[in-house]
Participant: 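Mind having a look at this structure? Questions to follow.
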Amino acid sequence: MTPADLLKDAFGRIVESGTAVVDGLTDDQLTRRPAPDANPIAWLVWHLARVQDDHVADVAGQEQVWTAQGFAERFDLPFDDGATGYGQDAEAVGRVRAPADLLAAYLRAVHEQTVAFLDTVGPDDLDRVVDDSWDPPVTLGARLVSVVDDDTKHLGQAAYVRGLLGA
């Protein structure tokens, strides 16, 4: 197994779990918060897909799926097209409303672009510095592992909220 194969497996688990966590949920269930300022499933899945889309498109030198495939228009959220959810307050989080099929479609499209990029990545590429604003500078490998880590945390949160809903 190559490092790219390992990363494809990790990202495959994200799309699989992400589509499963929204499957069959109503719009009300997707936006229900377990506490007043808690993140609902719709925001969690949208955010994890947006972060993956943003970060992978950046290191791949590609346009984000969000804009390239018209998802920004389809979601019609009251945010700038560059918004990923990072740093949003509770009010902004509550504005993310989307049906399960749209959330799953976006996540699948992001996954497809991620896998296409990973198909071009060799072991030596993972040491390439992609962000020198940190000390130490961030390599491609570290950035991709960071995305996997962030996405799986949010998936766990979404699964927990789904369990609280009894769904």
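In this text, all values refer to a predicted model and were calculated from it rather than measured experimentally. For reference, positions follow the sequence shown, starting with 1. The analysis underlying the following values was restricted to heavy atoms, covering all of them including side chains, and did not include hydrogens, waters or symmetry mates.
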Participant: Under the rule for salt bridge (charged side-chain N to carboxylate O under 4.0 Å, His left out), what residues qualify as partners of D9, not counting sequence neighbours?
Facilitator: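 D9: salt bridge (charged side-chain N to carboxylate O under 4.0 Å, His left out) contacts with R13.
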
Participant: Okay, side chain of R33, backbone of P40: is any donor-acceptor separation there less than 3.5 Å?
Facilitator: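 Such a contact is absent between R33 side chain and P40 backbone.
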
Participant: What pairs meet the side-chain hydrogen bond (donor to acceptor under 3.5 Å, both in side chains) rule with one or both residues in residues 69-78, with sequence neighbours excluded?
Facilitator: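 Output for this query is empty, none listed.
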
Participant: Give a yes or no answer on whether the side chain of D58 reaches the backbone of H55 with a donor-acceptor pair at less than 3.5 Å.
Facilitator: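 Checking the backbone N and O of H55 against the side chain of D58, no donor-acceptor pair under 3.5 Å is found.
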
Participant: Would you please name every residue forming a side-chain contact (heavy atoms from CB on, under 4.5 Å) with S146, sequence neighbours left out?
Facilitator: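 Not a single residue meets the side-chain contact (heavy atoms from CB on, under 4.5 Å) criterion with S146.
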
Participant: Going by the rule salt bridge (charged side-chain N to carboxylate O under 4.0 Å, His left out), which residues pair with R128 if we only count those two or more places apart in sequence or in a different chain?
Facilitator: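 Listed in chain order: nothing, the list is empty.
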
Participant: What residues form a side chain to side chain donor-acceptor pair (under 3.5 Å) with W43, not counting sequence neighbours?
Facilitator: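 W43 satisfies side chain to side chain donor-acceptor pair (under 3.5 Å) with Q88 only.
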
Participant: By side chain to side chain donor-acceptor pair (under 3.5 Å), which residues pair with N39, not counting sequence neighbours?
Facilitator: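 Partners of N39 by the side chain to side chain donor-acceptor pair (under 3.5 Å) criterion come out as none, since no residue qualifies.
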
Participant: Pairs of donor and acceptor atoms involving the side chains of residues 103-112, under 3.5 Å and at least two apart or interchain, shall be tabulated with distances.
Facilitator:
{"unit_1": "Y106", "atom_1": "OH", "unit_2": "R50", "atom_2": "NH1", "d": "3.1"}
{"unit_1": "Y106", "atom_1": "OH", "unit_2": "D53", "atom_2": "OD2", "d": "2.7"}
{"unit_1": "H111", "atom_1": "ND1", "unit_2": "F11", "atom_2": "O", "d": "3.4"}

Participant: Applying side chain to side chain donor-acceptor pair (under 3.5 Å), can you list everything that pairs with S133, at least two apart in sequence or on another chain?
Facilitator: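 Listed in chain order: D131.
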
Participant: Taking side chain to side chain donor-acceptor pair (under 3.5 Å) as the test, write out the residues that go with D119, two or more places apart.
Facilitator: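 Once residues adjacent in sequence are excluded, the partners of D119 under the side chain to side chain donor-acceptor pair (under 3.5 Å) criterion are K8.
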
Participant: Checking R32 now: which residues fulfil side-chain contact (heavy atoms from CB on, under 4.5 Å) with it, not counting sequence neighbours?
Facilitator: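 R32 satisfies side-chain contact (heavy atoms from CB on, under 4.5 Å) with D28, Q29, L165 only.
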
Participant: Sequence neighbours excluded, which residues qualify as ring pair (Phe, Tyr, Trp, His ring centres under 6.0 Å) partners of Y160?
Facilitator: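 Here no residue qualifies.
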
Participant: Please list all pairs meeting salt bridge (charged side-chain N to carboxylate O under 4.0 Å, His left out) that have one or both residues in residues 34-48, counting only residues at least two apart or in different chains.
Facilitator: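 For residues 34-48: none.
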
